[in-house]
Amino acid sequence: MKPIIDILDERLTAAMNQATGRQDCAALLRSATDPKFGDYQANGVMALAKQVKVNPRDLAQKVVDCLKWEEICEPPEIAGPGFINLRLKTDFIVDTLLKINAKHECLGIDTTNNPKKIVVDFSSPNIAKEMHVGHLRSTIIGDAICRMLEFEGHTVKRQNHIGDWGRQFGRVILGLWHMCMAKQHIKEDQLDSTVYYYQSELRELEESAQDKSTLEAICKRIRDRHKEDWEKDSEGKDNPSSGEKFFHPFLDDLQNRNPRELWPDFLAAYQYVNRLEDSLTDMGMDIPIRMRDPQKDTWIIKSIPYESLSRHITTMLQNIDHPDNEQEKKAWQRITDISLDHCREVYDLLNVKITDEHFDYEVVRGESYYRKMLPAVVNDLKKMGLAVESDGAMCVFPAGFKNKEGNPLPLIIQKSDGAHLYATTDLAAVRFRVDQLEAKRIVYVTGAPQALHFEMFFAVARQAGWANDDVDLVHVTFGSVLGEDGRPLKTRSGENIKLRDLLEEAVQKARSVVEEKNPDLDDQTKQDIARAVGIGAVKYADYSTNRNSDYIFSFDRMLSLEGNTAPYMQYAYARVKSIEQKAEDKHVNIEAELADMKQLTLDDPAELDLARYLIRYGEAIESASQDCRPNYLTQYLYDLAQKFSAFYNACPVLDAGPDKRPTRLLLCDLTARTIRHGLTDLLGIEVVEQM
RNA sequence: GUCCCCGUAGCUCAAUGGAUAGAGCGUUGGCCUCCGGAGCCAAAGGCUAGAGGUUCGAGUCCUCUCGGGGACGCCA
C-alpha cells in the first residue's frame, strides 16, 4: 500500500496546480501539529497565496474545491491563516487496518520503487584496541540505517572499514612477538601462576617513569634480552631472525587456540610495546634488524635505534605480500583474527551484524584491503594535476578550504616519508565502492569531529571524478556519549570504558530489576530477559536522542522502566503477549477471530486513536530512514505504546462482547507486530514475551 | 585566529519553516469487584542564552554578542 501521506500530498498538489493553473505547487503535507486539527495538515497554500497574490484562505477554499478527498477524509477544514486540515474517515481507517491484517508480514508497507545499491560504512574499530564507548554509536546507528534501508528494499552493502593498517602495524607485530618470547622464558612447570615479562616490566616502566637512571637500566635489560631472543630465534639458519625456532611455531599454534583467551594477553603485550617505545626516546639504544641487500640478494644485519624498531617494521612491510615477510604477514593475520573475534563478541551482544559470516559478500574490508590501490590513487591524482608536493608531502588542495593562516588547506595523501594516510585509503575505498560495488549512495557513520575530513575528501573524490553526481556521499555524524558530569564518558582513572564491560553492567543491572519485579521466573528466563532489557536499554537510549546531540549516559534513566525507554516498550509488548496467553484460558481463539476479518467496530475513542496511529507506521520508517534519524522511529513507537496503554486501560479485550472483541484483538495483534518489527527488525532490540 | 556543532521546563531529552514549543523524570492530585499498577488520567512548571534581521509565519534560516564542545598539514 502506498503511504497515505503520499497519496494525500499528490492529490493536494494536483488540486493546487489545478486551482492556480501552475505546475510547480507543493502541498507541504505534514502530520498535524495537534490532534484537534485532524491527522494531516497542508502548509503549502499560504506560501502559494503569497506568490500569486491572493487571499490565502480564499485560495485554500479553491484548492479544497478541486480536491478529491471523499473516500479518504472527512470534509477538509480551512483553518488559521490558510491551513488545510485533513481528518481520516473512520471507514478508511478500518479499511486500511483490514488490508494491513491481510498482509501483516510487511505491515502493509511496500518496498521502494526506486531501489538503490547503498554502501554503509560503520563501526570500523581499530585493531589492537579494545572496543570502547566511542564505538557504540557508529556501530548501532549504522546497523539501524542498514536495517531500515534493507526493509525499504534497497541493496545494502555493509562495510566494516577496520583500522588494520598503518602506523600501529609494526607495534602489534612486536606485541605478538613479545607474547611469544615471554612464553619461552617461562618454565613449563610455572605456567599456571606466572606473570609474563611484558606484564611485570610494564609495571616497572610505569613506576620508574620519573627516575631516568632506573628507567634506562630497565630498558637496557629489555633490549639485551630482546637482542638475544632475536638471535636465538634463527639459530642454525643463515636467515637472521627468520623466526624458525620460536615465532613461526608460536604463530601456527595460535590458530588452534581460543582467540577470546588470547585477546587480553595480546592487549597487555601491545600496551607494553607502546610504553617501552615511549620510554626509549633519547636513550640512544640500538637493536639489530635484518634486511635484504638489494645487490647481492642476501640478508644483512644493520643497527637501528631501538625505539624505531616498530616503525621500521611498519615501513618495511609496505610490501607485506613479499615472501620475505611471511612471518610478519602471518602475525598480522593472527592479530586481525584475534581482534575481530573480540569485536564479534561485542557485536553479538549488541545484535549487530557487521562481519563476513553473516553475508554473502565481504563485509570486513579494512584499510589493508585497499593497500595495493594506494599508489594508483596518488599517481592518478598527480596525473590529473590535483595532487602537488608541499613541504615534502603530496597534497590535494580542494577549493574553499582554508587553514589557520588563511592559506589553502591540504588533504594530505602521502607523507614525506612515502607513507599513505587515511585520506588515501578513503579515496581508494570510494573508488572501489563506486566501481566495483556499484554504489549509488555511500553512507559514512562516524563522529562529528571528522566532519572536515569528510567534506574535504568528498570534494576531492568529486574533483577526481571518482564519485560523480549520480553518487550520493553522506556523512552521518553523531555527538558524544557523556558521563553524569557532562564530560566524555570515561572511567574514574580517565580511561575509555570498555564497551563489553558497559554492556555487561547493563545486563547485570537489568537482571537485578527482573529479580525484584518477577522473582518467580526460572533462572534462564531471567537471564534472557535481563539481556534483552539491558542491551535494549543501552541501544534504545542512544537511538531515542537526536544523533547530533551529545547525551548523558545514565543506567538509571535508561533502565528506569518509565518514559521513552526500551523497558517501557518491551513491557507494552509483553502485556499484549500476556493477553494472547490468557486467551486460551478464556476459550478465545485469536487466530480464528482474526482470520478473514471483514469488518471492525472502532467505537471507543481509545480504539480509534490507536487505530489511526497504527496505519502510519510506514511514515515513521520513511522519515527515520530518509534522514538517518532513528529517533523518529523510537518516537513513533513510544507514541504507539502510549496509545496502546490508554486503549488497554479503557477497553477490555478478552472480556469484550463478541461484537467488539475481534476489533480489539486485531488492534492488539497489530500493535504487537508493529512494536516487534520496529524494535527487533529495524533497531535490533529484542522483545520478550514476559518480563 | 578561521570554520563546524551545541545552548529549549528544576533535571534528561524531543520538535521534517507552520497554529497555543512537546515528552519523561521529579512535584501535586485523581484512577484497580476488570486481560500485567513496570500502567492510565490530570495539574503546575518556558521571553527556546541575548540582540537584530529575512518571512504571511522562526526554537528552526541570516548577522552579531555571550557561554559550552570540537576541528583546523604529515594520527585515524
Side-chain angles (χ1 to χ4, degrees), chain A residues 28 30-34 36-37 41 43 46-47 49-50 56 79-83 85 124 126 163 166-168 367 390-395 401-407 409-417 419 421-423 425-426 446-453 455 477 479-480 482 486-488 513 516-518 541 544-546 548-552 554 556-557 560-565 567-568 570-572 574-583 585-586 588 606 623 626-627 629 631-632 634-635 638-639 642 645-656 664 668 690-691:
Chain A
L28 300 180
R30 301 284 185 266
S31 199
T33 53
D34 193 304
K36 75 180 176 223
F37 299 139
Q41 61 184 56
N43 299 334
M46 291 167 288
K50 182 74 182 172
F83 296 102
N85 291 335
S124 307
N126 202 307
R167 208 172 62 152
Q168 80 276 24
E367 293 171 335
S390 167
D391 294 339
M394 288 308 298
C395 303
F401 296 92
K402 287 192 170 65
N403 68 8
K404 345 182 181 183
E405 285 79 38
N407 299 322
L409 187 63
L411 185 73
I412 302 179
I413 54 170
Q414 190 171 26
K415 302 201 311 190
S416 42
D417 67 1
L421 297 100
Y422 79 138
T425 310
D426 278 341
T446 67
Q450 293 192 51
L452 181 61
H453 164 74
E455 267 183 66
T477 58
S480 315
L482 308 177
R487 308 285 311 160
V513 178
E516 181 194 321
K517 300 280 183 187
N518 224 336
S544 60
T545 65
N546 180 329
N548 279 318
S549 315
D550 297 345
Y551 70 91
I552 294 183
S554 159
D556 286 347
R557 262 199 305 279
S560 90
L561 313 160
E562 283 161 356
N564 190 7
T565 65
Y568 176 89
Q570 288 162 324
Y571 175 66
R575 284 208 297 182
V576 191
K577 287 291 149 181
S578 167
I579 292 177
E580 289 178 14
Q581 275 159 22
K582 292 261 157 48
D585 306 341
K586 302 206 175 191
V588 177
S623 55
Q626 184 92 37
D627 297 345
R629 294 269 298 269
N631 66 312
Y632 288 159
T634 58
Q635 188 61 52
Y638 180 57
D639 290 341
Q642 281 194 313
S645 288
F647 156 79
Y648 181 91
N649 247 40
C651 306
V653 178
L654 296 176
D655 296 332
R664 293 182 179 176
C668 287
Q690 50 177 345
M691 62 188 284

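Residue numbers start from 1 in every chain, and the chains themselves are labelled A, B, ... in the order their sequence lines are given, proteins ahead of strands.
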Practice problem: Heavy atoms under 4.0 Å is the rule here; annotate nucleotides 70-76 of chain B 5' to 3' with B where the base is hit, S where only the sugar-phosphate is, and - elsewhere. | Solution: SSBBBSB
Quiz item: Where along nucleotides 14-19 of chain B does protein come under 4.0 Å, by heavy atom, of base (B) or sugar-phosphate alone (S), with - for untouched nucleotides?
Solution: SSB-BB
Quiz item: Reading nucleotides 36-50 of chain B 5' to 3', which nucleotides get B (base under 4.0 Å from a protein heavy atom), which S (sugar-phosphate only), which -?
Solution: BSBBSS---------
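Annotated as anti: B/C62, whose glycosidic dihedral deviates from 0 by more than 90°.
Among residues two or more places apart in sequence or in another chain, the side-chain contact (heavy atoms from CB on, under 4.5 Å) test is passed with A/Pro81 by A/Met46, A/Phe83. Considering only residues two or more places apart in sequence or on other chains, A/Thr477 meets the side-chain contact (heavy atoms from CB on, under 4.5 Å) condition with A/Ala448, A/His475, A/Arg547, A/Asn548. In this structure A/Asp639 satisfies the side-chain contact (heavy atoms from CB on, under 4.5 Å) test together with A/Tyr613, A/Gln635, A/Gln642, sequence neighbours excluded. The salt bridge (Lys or Arg N to Asp or Glu O under 4.0 Å) test applied to A/Lys586 returns A/Asp655, not counting sequence neighbours. For A/Tyr638, the ring-ring contact (aromatic ring centres under 6.0 Å, His included) partners are A/Tyr568, not counting sequence neighbours. With sequence neighbours excluded, no residue satisfies side-chain contact (heavy atoms from CB on, under 4.5 Å) with A/Ala47. For A/Glu580, the salt bridge (Lys or Arg N to Asp or Glu O under 4.0 Å) partners two or more places apart in sequence, or in a different chain, are A/Lys577. Remark: A/Tyr422 pairs with A/His453 by the ring-ring contact (aromatic ring centres under 6.0 Å, His included) rule, at least two apart or across chains.
Atom OH in A/Tyr638 sits roughly 16 Å away from atom P in B/C13 (whole-Å rounding). Taking atom CG of residue A/Asp655 and atom P of nucleotide B/U33, one finds them 14 Å apart after rounding to whole Å.
Counting non-hydrogen atoms under 4.0 angstrom, A/Leu654 reaches a base of the nucleic acid. No contact: A/Cys668 has no heavy atom under 4.0 Å from any strand.
With RNA chain B read from its 5' end, the first of the two nearest nucleotides for A/Ala451 and A/Lys586 is the one closest to A/Ala451.
With a 3.5 Å limit on both pairing distances and Watson-Crick or G-U wobble geometry required, the stems of 3 or more pairs in RNA chain B span B:1-7 with B:66-72, B:10-13 with B:22-25, B:27-31 with B:39-43, B:49-53 with B:61-65.
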